[in-house]
Amino acid sequence: MAQNVRESSVGGRPGAPLAAAVSAWVIYLFLIMPSLVVIPMSFGDKDEFMFPPESLSFYLYGQYFFESTWMATTLQSFEVAILTTFLSLLFGVTAAYGVVRGNFPGKRFVTLFLLSPILVPVIVVALGLYLYFSTLGLSGTTFGLVLGHTVHATPFVIVIAMAGLRHVDPNLEAAARLMGASHVLTLRKVTLPLLKPTLIAGSLFAFLISFDEVVIAYFVSNTTTETLPVKMYSAIQWEISPVLAAISTLLIVLSLVICVSGTALQKDDEKGE
Amino acid sequence: MVLEPRTEGGSEHRDRKVWLESCAKHYGSVVALAEVELAVEDGEFLTLLGPSGSGKTTLLNLIAGMVQPTSGRIWIDGADITRVPPSKRGIGMVFQNYALMPHMTVFENIAFPLRVRKMAEAEIRRKVGEVLDIVRLPDVGKRKPSELSGGQQQRIAIARCIVYNPSIILMDEPLGALDKKLREELQLELKQLHTQLGITVLYVTHDQEEALTMSDRIVLLNHGKIEQMGPPDELYFQPRTLFAAEFLGDSNIFDGTVAGLGEFVSVYSEPGASMMARPAPIAEIGKAVKVLVRPENLTLLRQCEESGLANRLSAEMVDSIILGGVIKCYVRLSDDTTVVVQELTKAERAPPPPGSKVSVAWSAEDTLILPAVGGMTEGGGTAAA
Amino acid sequence: MVLEPRTEGGSEHRDRKVWLESCAKHYGSVVALAEVELAVEDGEFLTLLGPSGSGKTTLLNLIAGMVQPTSGRIWIDGADITRVPPSKRGIGMVFQNYALMPHMTVFENIAFPLRVRKMAEAEIRRKVGEVLDIVRLPDVGKRKPSELSGGQQQRIAIARCIVYNPSIILMDEPLGALDKKLREELQLELKQLHTQLGITVLYVTHDQEEALTMSDRIVLLNHGKIEQMGPPDELYFQPRTLFAAEFLGDSNIFDGTVAGLGEFVSVYSEPGASMMARPAPIAEIGKAVKVLVRPENLTLLRQCEESGLANRLSAEMVDSIILGGVIKCYVRLSDDTTVVVQELTKAERAPPPPGSKVSVAWSAEDTLILPAVGGMTEGGGTAAA
Amino acid sequence: MIFVAPFFLFMGAVFLLPLAFIFYTSVVADAFTLDYYIKAFTGALYLRVAWTTFEISVVSALTTLVLSYPVAYHLSRQPPKRRVLWALFVLLPFYTSILVKSFAFTVILGHNGIVNDILRFMFGPEAGIKMLFNRTGVVIGLTHYLIPFMVFPILASLLAQDPVLHRAAEVMGAKPWRIFWRVTFPLSLPGVIAGTLLCVILSFGMFITPALLGGRKDMMMANLVDFHIKETLNWNMASAVAIVLLLLSSVFILLLAQVRGGQLFGERH
Amino acid sequence: PGKAKASEKIVWVGWGGSTQAVQQEIFIKPFTKETGIEVISASGPNRAKIKAMVDTGNVEWDLVNMMGATATGLAKEGLLETIDSDLLAKWRGQSLQPDWIKDWAVGWYYWSGGIGYDPKRHPMGKHPRSWPDFWNADKFPGRRGLRPRVNENLELALMADGVKPKDLYPLDVERAFKSLDRIKPHVAKWIKATSQTITLIQNNEVDFDLTYSARVESAKASGISIELVYDSLLCESGLMGIPKGSKNKSAAMKLIDFFMREKPQKAWCENRIGYGPQNTKALAALSPALKAKLPSADDPSTAWVNIDWWGDHYGALSERFKEWLIT
Ligand SMILES: Nc1ncnc2c1ncn2[C@@H]1O[C@H](COP(=O)(O)OP(=O)(O)OP(=O)(O)O)[C@@H](O)[C@H]1O
Ligand SMILES: Nc1ncnc2c1ncn2[C@@H]1O[C@H](COP(=O)(O)OP(=O)(O)OP(=O)(O)O)[C@@H](O)[C@H]1O
Ligand SMILES: [Mg+2]
Ligand SMILES: [Mg+2]
């Protein structure tokens with residue numbers, strides 16, 4: 001497949017011309033620059049930010065894994081992110097399905113409304129949720145946190161799922177229905193399996209958004225439900241701990257592992273882009 | 001066999017396989033299907049023919065239950081199924097692009113409707129094997145649809161459709177995506193399957209040749225209305241409108257005015273003074289009509305040659321084109337209209353060279369009179385790409 | 001006009017419009033085009049015909065410069081342009097889906113190649129107006145392509161192509177997406193444009209009828225090789241291989257063994273003992289051959305009827321199908337092979353009913369002898385959907 | 001349609017009601033009042049900050065566009081598998097907390113940062129550029145964060161393009177540069193517009209980055225919301241500013257709906 | 001007001017990071033051991049959250065660390081519990097700054113801000129030694145760093161303008177802003193995050209800034225080249241208060257009482273160099289080396305923040321300061 005693209009590139013789609021490629025590389029460099037500073041820093045052995053570190057050690061990783069509540073908040077972040085992923089996938093995929101397949105008056109308007117949380121500055125959402133959840137007694141609960149993150153992440157899932165659904169032939173669903181399958185069975189056996197790449201991409205996005213989110217979490221969480229980004233943020237009220245560098249490095253490695261193994265697994269699905 | 005819509009009462013259609021009782025479908029202000037009355041016989045191979053956008057798919061979807069009629073009711077086997085969901089109608093459908101599930105093997109694809117029906121695994125295996133035999137692809141069960149050729153995929157789509165014994169199969173241009181050669185092969189196979197299984201088939205196509213080849217009966221749609229319906233030969237030989245005449249087969253059409261009635265109708269027309277035509281109810285003296293002659297009914301004569309045919313016009317040879325089995329000759333009449341003559345291709349009998357003086361002749365039997373309105377719309381049948 | 005490849009030296013082709021000098025194209029281990037030698041005359045309408053995957057697009061792309069040949073050279077107007085980029089070849093191309101720029105108006109689309117050539121604005125306006133007149137769409141300049149019908153879009157694509165006077169136009173199945181009626185109209189128009197402008201056209205299709213209708217010369221491709229080339233009638237009447245015979249037009253084919261040579265060749269064949277055929281260089285006594293008769297050359301006779309034709313077999317009527325202008329009759333011979341007979345459709349002369357005893361007869365002139373190998377591959381020409 | 005209903009209701013409960021709360025707070029202190037809005041629309045601080053917000057957001061979005069386009073273009077020309085790997089670089093900024101990032105930026109872009117050291121080495125001691133703690137710093141910080149949100153919509157609209165159009169242009173004699181400007185770029189406009197608007201709106205909500213990397217004048221409306229929530233405890237004012245911010249982004253939402261309905265993230269046409 | 005039962009649990013909110021970790025060891029663990037009251041540690045005392053908790057009657061924090069100048073705002077809004085007067089009286093008697101013992105919050109330690117600089121870049125004599133020096137850009141050229149908030153800045157501006165530390169309050173706001181106008185052009189960064197007051201000197205982004213003794217000492221210990229001018233400090237109080245409606249008010253007060261004790265205060269200030277104890281006995285018991293880095297109440301070069309004054313003026317001045325900042 002890779003070869004085809006190159007072959008036909010003599011005339012058709014040129015592989016990126018050199019100028020474009022070079023400017024892209026420069027920008028990639030810009031994007032990873034901070035990481036290039038952060039990763040070495042994470043191997044420092046002092047309690048202050050040092051670059052370059054004077055000597056290398058796993059001191060900061062030790063702190064992360066064994067001291068304070070870093071691990072607990074990480075686990076909390078995972079919990080929230082996983083639940084958020086689940087919920088936003090549920091809401092997002094069904095909503096996208098309704099929007100793409102459905103035909104109802106004001107569809108465009110409804111779509112815009114469903115996507116609107118992306119378009120409202122997050123601090124506004126955070127404040128609103130905080131006031132609202134406090135009256136409901138949801139403030140500080142993991143559930144409240146998940147709800148907040150779901151509002152935030154679902155629009156992204158909708159967008160991805162809408163794109164994915166447009167690639168799923170509606171005739172396949174019609175065929176299944178005609179052969180006697182109920183709506184639910186059709187969704188389970190036909191639509192969802194075909195949406196697999198989309199679902200994977202959507203969950204990855206939802207997970208990352210929730211895992212990384214600080215503003216909403218800062219307002220909505222409390223002591224027991226504090227997430228990693230919130231802890232990272234509150235850890236710097238007075239001092240800044242280089243443990244943060246170690247955490248960033250760990251996250252980078254984690255995402256590399258996920259993506260690389262994802263690509264490796266994706267072998268057969270090359271056409272599904 | 002021809003069912004006249006409207007004029008008949010209706011209730012007697014209840015015992016038909018399918019009956020659309022004054023069904024219409026509007027999309028907002030678009031009338032996809034005007035009020036239509038249609039009854040389908042058990043075991044019949046019925047083709048819906050018409051230009052793009054004429055409402056063929058809409059009609060099929062109404063029967064399948066994919067869309068709800070704006071008005072009217074749908075009956076299958078005497079039961080009103082207008083509000084029954086598609087999954088409960090027991091209908092099979094073969095889609096234009098086959099709609100095989102790309103994530104399932106061929107076996108799983110065919111087994112799908114059986115699993116939906118909670119059939120036992122052994123039974124499923126047996127039935128799938130059976131239909132794979134019927135479509136003559138016994139060994140492809142383990143493959144994915146993408147590993148099959150277009151024709152093979154089509155057969156799997158049919159197998160999947162017949163495996164659960166639906167008594168009606170709907171097919172929406174199942175051959176539309178194939179090339180001519182393969183298309184013709186599969187037409188034959190489809191037709192054989194139909195005979196063999198005795199199922200009722202509703203078949204959609206916009207290819208007139210395909211419709212003529214395969215159907216017991218053709219329903220010709222135009223702008224959401226039924227233009228004419230009947231067996232292929234009836235539509236071909238007795239088109240009731242200009243549209244029907246032009247849509248099925250090639251035709252030469254002249255403007256004319258009815259000049260006399262008798263055993264044959266005589267029509268006064270521009271290019272050749274007077275022509276004799278088959279009698280028709282619409283013929284009234286002085287009425288403007290269209291006169292239709294099929295190219296294959298025209299005979300090309302050298303200037304001097306004699307023929308016993310009633311109508312004859314002198315002309316000049318313009319061009320001739322081999323289309324394979326037939327040759328099309330274009331001749332120009334005295335008033336500059338071009339007429340097409342179709343002859344069988346014979347190596348040793350080349351048509352006269354361009355420029356030569358010829359005559360075209362045809363019998364009064366082969367001359368039809370049609371109402372002057374209702375031809376094909378300009379550029380009709382063209383969808384924006 | 002027929003150019004024999006290979007046998008001729010080559011250098012004399014330099015003055016041809018286009019000359020592919022032993023061009024081949026491999027994709028990894030796939031041979032998209034085996035070593036091919038092809039010369040195109042100035043002003044010629046040359047059609048590349050062949051089943052899917054036979055290398056038609058590849059050949060066109062080689063000339064356009066979209067792909068580089070694995071070996072060989074390409075000459076245009078006597079210049080070696082093998083390494084010249086597409087933008088410098090001065091070629092026009094009409095794509096299957098037209099490739100009109102959706103974000104530009106029709107005017108801007110047509111003006112595009114002129115702007116590339118830095119033509120003055122007034123000149124551009126004049127030329128665009130001119131070609132819009134030529135394609136008979138003078139008033140659509142301000143519209144977007146999406147606001148035009150398929151046929152209109154196609155004409156714009158052609159307008160955009162001829163506006164910069166390329167001396168060669170390549171067309172890759174430009175009518176593939178259209179329905180039959182429109183397709184036929186546009187074929188005619190294309191052909192007229194070609195005559196009117198005198199441009200060299202290389203045309204790709206897999207529709208044999210289209211190829212026969214339009215071409216000055218047809219190049220029949222199969223598996224990346226040129227199977228045969230020549231004018232339409234030559235390919236139709238004198239196919240050199242079974243593949244060519246089967247790909248162009250319908251055919252009845254019998255196995256046979258050459259039994260005698262003379263004014264006509266006599267062949268011994270299963271169904272009907274002996275047949276007389278046209279003489280052919282490959283006929284040697286005792287050699288196994290294929291015998292080909294076109295359905296339109298067969299005459300259907302009642303059991304007792306007489307005919308002066310050299311070959312005659314008795315048969316039983318199986319079925320007959322109206323295809324529009326022609327009727328196909330299927331008859332079964334004594335050894336159970338089915339033979340197709342094609343007749344012109346006439347309302348008053350219905351074919352004999354199924355089951356009746358008939359004879360098929362044909363002349364020795366219409367009987368061709370072909371080598372026994374090289375037919376169409378099973379299911380060939382099928383692209384995965 | 002029923003499929004839209006669950007999220008629709010959810011949105012009503014967890015998005016609209018909270019917004020309603022904010023609105024309520026912005027007009028009701030002890031009794032109904034428009035004082036906060038009057039202040040938000042007339043106070044020098046608020047007007048100036050609103051303008052700064054607008055300026056920073058638009059400049060950052062445009063800078064992001066300029067930087068993202070080559071990346072999206074480059075990604076679009078990669079075979080799918082390699083594309084995923086390159087895309088990792090685009091996602092990497094997500095994983096570094098802005099706090100850590102701001103330190104990293106001082107190491108790289110600061111007065112004694114790597115970039116300035118190189119510049120001074122090459123062009124003499126006066127060659128250093130001030131890239132932090134001014135408008136440039138904010139734009140760099142925001143851009144770094146926003147690039148992924150721009151790259152993916154553009155990438156989608158680039159991938160949706162029919163390669164045949166490029167060939168057609170090429171056969172007609174167009175050089176790569178012209179093909180890019182007359183074909184590729186115009187056809188990717190839906191993605192460009194969607195991405196740009198999205199980025200503008202996302203920057204509306206930023207307050208940590210400008211505070212850490214900006215100069216004294218680089219205060220944004222979100223900073224004011226934050227300030228009133230946490231410092232002055234004047235939630236009425238915070239809510240009023242938030243609503244004004246919401247109005248501002250609504251203008252952009254409407255633009256978005258106007259320019260291309262549903263083209264957000266470069267969906268297919 | 002409930003009684004402290006053995007199974008009682010309170011939530012205590014600190015500043016996070018290693019500071020809180022140390023407090024955990026020195027105060028919380030012994031306290032739990034002594035009283036049996038379980039203490040949950042939270043970090044990030046956020047006044048907005050306190051307000052929301054109280055407003056919605058959903059109070060989950062029992063004891064919160066606060067900054068002096070801003071804590072008063074909470075009290076003004078009635079968001080803090082009143083503390084038992086006998087406890088208050090007891091604490092006032094043993095305090096360095098009895099003014100910081102309020103009805104609604106208790107100043108239990110102090111921290112000091114001063115002029116920070118890099119001794120490698122600005123050796124002895126090349127750096128400002130007082131706030132007038134800091135304001136004098138001609139004599140001490142270099143980029144300044146100040147905080148983008150109104151408290152601290154007004155005090156510094158007045159001192160720079162010649163006001164004696166003891167005469168600061170009530171602050172002459174107009175004079176202070178005039179003085180601030182003078183330094184404005186020389187401020188390279190108004191430093192939002194406290195941690196940046198160190199890293200910006202470390203990375204040579206500013207030459208002199210307002211930073212804090214505890215941060216400087218910890219940075220020095222890590223090997224960063226940084227120094228603080230110890231003889232013109234601005235001391236602020238770290239307070240502890242109880243959100244209104246806390247369900248564990250009395251246990252929280254017990255914890256405050258523990259925080260006020262001599263022994264843990266001493267241990268705390270020995271561990272975190274730069275923080276000063278409120279408890280006078282604890283201050284007296286510190287080693288001379290440590291005392292040198294901590295001002296005493298009567299040190300004339302040191303300014304002590306007046307919490308009350310800020311309580312009346314913080315909101316309005318904050319907004320004015322923001323406006324001043326961006327113009
Ligand atoms: N979902 C829809 N919304 C609005 N109009 C529709 C819809 N579906 C079909 N139509 C319109 O109804 C008319 C009939 O459409 P239909 O699909 O039945 O045509 P068709 O005969 O199947 O054409 P084709 O040969 O192109 O498939 C067309 O004008 C079409 O534009
Ligand atoms: N880029 C490519 N990489 C690998 N193989 C290719 C490529 N392009 C074409 N081929 C192969 O080359 C052969 C000829 O392809 P080509 O596109 O020329 O066929 P075609 O005659 O145009 O067929 P169709 O009628 O389906 O368009 C096919 O087997 C095809 O699979
Ligand atoms: Mg249809
Ligand atoms: Mg091709």
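Every chain is numbered from 1, with letters handed out A, B, ... down the list of sequences.
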Could you tell me which portion of A:Leu185 (side chain, backbone, both or neither) has an atom closer than 4.5 angstrom to a non-hydrogen atom of chain B? side chain
Please classify the contact between A:Asn171 and chain B as side chain, backbone, both or neither, with a heavy-atom cut-off of under 4.5 Å. both
Do NZ/NE/NH1/NH2 and the carboxylate oxygens of B:Lys144 and B:Glu147 come within less than 4.0 Å? no
Regarding B:Lys127 and B:Glu123, does a basic nitrogen lie under 4.0 Å from an acidic carboxylate oxygen? no
If you draw the axis of the six-membered ring of A:Phe109, does the NZ or CZ of A:Lys107 fall within 45° of it and under 6.0 Å from the ring centre?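 Geometry flag: not set, cation outside 6.0 Å or 45°.
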What residue, out of B:Met93, B:Arg117, B:Lys88, has the most heavy-atom pairs lying under 4.5 Å from chain A?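 Looking at each option in turn, the highest pair count goes to B:Arg117.
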Among B:Pro85, B:Gly28, B:Pro166, B:Pro86, which residue has the highest count of heavy-atom pairs closer than 4.5 Å to chain A? B:Pro86
Counting only heavy atoms closer than 4.5 Å, note whether [X] contacts chain A via side chain, backbone, both or neither.
X        : answer
B:Leu100 : backbone
B:Arg115 : neither
B:Met101 : both

So which of A:Arg177, A:Glu173, A:Lys189 has the biggest tally of heavy-atom pairs under 4.5 Å with chain B? A:Arg177
Between A:Ala176, A:Pro170, A:Ser182, who has the most heavy-atom pairs with chain B when the cutoff is under 4.5 Å?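 Among the listed options, the one with the most contacts to chain B is A:Ala176.
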Please report the closest heavy-atom contact between B:Leu62 and B:Arg89, naming both atoms and the distance.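 Shortest heavy-atom contact: O-NH1, 3.0 Å.
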Got B:Lys142 and B:Phe107 here, is their nearest side-chain heavy-atom distance under 4.5 Å?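 B:Lys142 vs B:Phe107: side chains apart.
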Carefully, step by step, assess A:Ser88 and A:Thr154 under the rule side chain to side chain donor-acceptor pair (under 3.5 Å). CA-CA 5 Å; A:Ser88 51; A:Thr154 307; 4.5 Å; no
Judged by modelled atom types alone, do B:Arg143 and B:Gln152 share a side-chain donor-acceptor pair under 3.5 Å? no
